Number of protein chains: 2
Amino acid sequence: MGKISNMENQSDDGKLNRAFADSLGYLLTQSGRLFRENLAEALVPLGLSLPEYGSLRLISLNTPMSQGVLGSRYGIDRTTMVAVVDNLEERGMVRRERSASDRRSYRLSLTAKGKKVLSRALRITTNEQQKFLVPLSSSEWAILKDCLGRLIETHMKAPELIEGKDNVKTARQRKRNKNA
Amino acid sequence: MGKISNMENQSDDGKLNRAFADSLGYLLTQSGRLFRENLAEALVPLGLSLPEYGSLRLISLNTPMSQGVLGSRYGIDRTTMVAVVDNLEERGMVRRERSASDRRSYRLSLTAKGKKVLSRALRITTNEQQKFLVPLSSSEWAILKDCLGRLIETHMKAPELIEGKDNVKTARQRKRNKNA
DNA sequence: TATTGTTATACTCTATAACTATA
DNA sequence: TATAGTTATAGAGTATAACAATA
């Protein structure tokens, strides 16, 4: 395996970071990756993957929720969401009930256990986030989240405004259409 | 397919963004994904994928470079890097020469064509980045990049400081070790 | 013995197509 | 006809293990 000494690697990381200090893609990709790694690791004791954790959060925000809507909120296909919900249901965190008004769709909701696990996960997340943000002052964090929020709001809405129907697509779906 | 109307989706996006306005993971993941999508699309005319583009940039920063080092800089395994470099070499953008001092390893460098394509790609990137950053003032962007740079520098170095040897690992490798 | 690049293979995550049941 | 959820399958992206050449 490609073993590189500590010192060599640290100084190289530093050089890399300086060379990419103005590259938005590098900055967002690396920081996001590093935080997701930390968070995913911190959630291991709860047995929650990031998609599972995200699903619990989304369901708690808007109960009841159908599986398809949950998938599109999280950004994965409804066929992929099946296994995620299967898993959460088997472990007693999510309840599937058939909707009375439309018996094809589920009303997903959190069980007592699901709420408990989620609240633990939220505490862990808060903790990880605080640890991660140590290098920033509170006013810097305020600016950071405001800026990122505005970037997301701006660029998330754009596609729907210019495309026609069938406009709720995941990144992959858009990519495939382009290639087709 | 899960089709959701424009209006419903836009207001739901707004609600989602507000609910996750303090969630670092959400903010970094979404903003990063949106920018990567834009950039990847803008680079299609040059026939460059993001890993190919990143490899060209890394090689240009530090010529000559071995394949293994290139992989660890970009964050993918050297076995995965083989195909990326194969592709760039076949298209005449990257040159592979055996190192005189260590004939196992390659000295990777950009060809004239590689430099030309990279300079076009850099111009495209600058343009995409400017478009993406329109919602921010220039002082906000200055703060944003400073903050993200410090977060990366802080959390990228930490693992090497506490782990022993074999410390240059990708996220996946660290994850697998944890699970083992 | 260890390392660079390579190949064959397998794993993870995700989507597409075809299905069932409902609408 | 169309949609919600399901299943089977395929694809993209990635890694691990074993190899040859070289150190």
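Just so you know, these numbers come straight off a predicted model, no measurement behind them. Naming convention: chains lettered A, B, ... in sequence-line order (proteins, then strands); numbering from 1 in each chain.
The CG atom of Asp86(B) sits 12 Å away from the P atom of dA8(C) (whole-angstrom rounding). Arg36(A) places its CZ atom 19 Å from the P atom of dT12(C), with the value rounded to the nearest Å. Computed from coordinates, the Gln67(A) CD to dT22(C) P distance equals 15 Å when rounded to whole Å. Spacing between atom CZ of Arg78(A) and atom C1' of dT3(D) amounts to 8 Å, rounded to whole angstrom units.
If you chain together hydrophobic residues whose side chains sit under 4.5 Å apart, Ile143(B) and Leu136(A) never meet in one group.
When all heavy atoms of Asp22(A) and Gln129(B) are compared, the pair lying nearest together is O-NE2, 2.7 Å.
Of the listed nucleotides (dA15(C), dG5(D), dG5(C)), dA15(C) has the atom at the smallest distance from the side chain of Thr80(A). For Ile76(B), counting side-chain heavy atoms from C-beta on, the closest listed nucleotide (dT6(D), dT6(C), dA15(D)) is dA15(D). In this structure, of dT7(D), dT6(C), dG5(D), it is dT7(D) that holds the atom nearest to the side chain of Thr79(A).
In the region residues 97-105 of chain A, proximity to DNA chain D at under 4.0 angstrom, judged on heavy atoms, holds for Arg104(A), Ser105(A).
In this model, the phosphate group of dT6(C) is approached by a side-chain N or O of Arg96(B) to a distance below 4.0 Å at OP1 or OP2. Under 4.0 angstrom from either OP1 or OP2 of dT14(D) there lies no side-chain N or O belonging to Tyr74(B).
Terminal axes of the helix from dT1(C)-dA23(D) to dA23(C)-dT1(D) (five pairs each, C1' rotation axis) are separated by 10°, to the nearest 10°.
Side-chain contact between Tyr53(A) and Leu118(A): present, with at least one pair of heavy atoms (C-beta onward) separated by less than 4.5 Å.
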Side chain to side chain contact (heavy atoms under 4.5 Å, CB included) between Leu108(A) and Arg95(A): does it pass, once the steps are laid out? CA-CA 6 Å; Leu108(A) 300 178; Arg95(A) 196 169 18 237; over 6 Å; no
Given side chain to side chain donor-acceptor pair (under 3.5 Å), test Arg107(A) with Ser66(A) step by step and report yes or no. CA-CA 5 Å; Arg107(A) 299 159 46 88; Ser66(A) 77; over 6 Å; no
Take Asp146(B) and Trp141(B), measure what side chain to side chain contact (heavy atoms under 4.5 Å, CB included) needs, and give me the verdict at the end. CA-CA 8 Å; Asp146(B) 178 57; Trp141(B) 164 229; over 6 Å; no
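In this pair, Phe132(B) and Phe35(B) present their aromatic rings perpendicular. The plane angle is above 60°, beyond the 30 to 60° band.
Shown here is Lys145(A), whose NZ atom has more than 12 heavy atoms of other residues, nucleotides or ligands within 6.0 Å.
For the atom pair SG of Cys147(A) and CG of Leu144(B), the computed distance is 5.5 Å after rounding to the nearest 0.5 Å.
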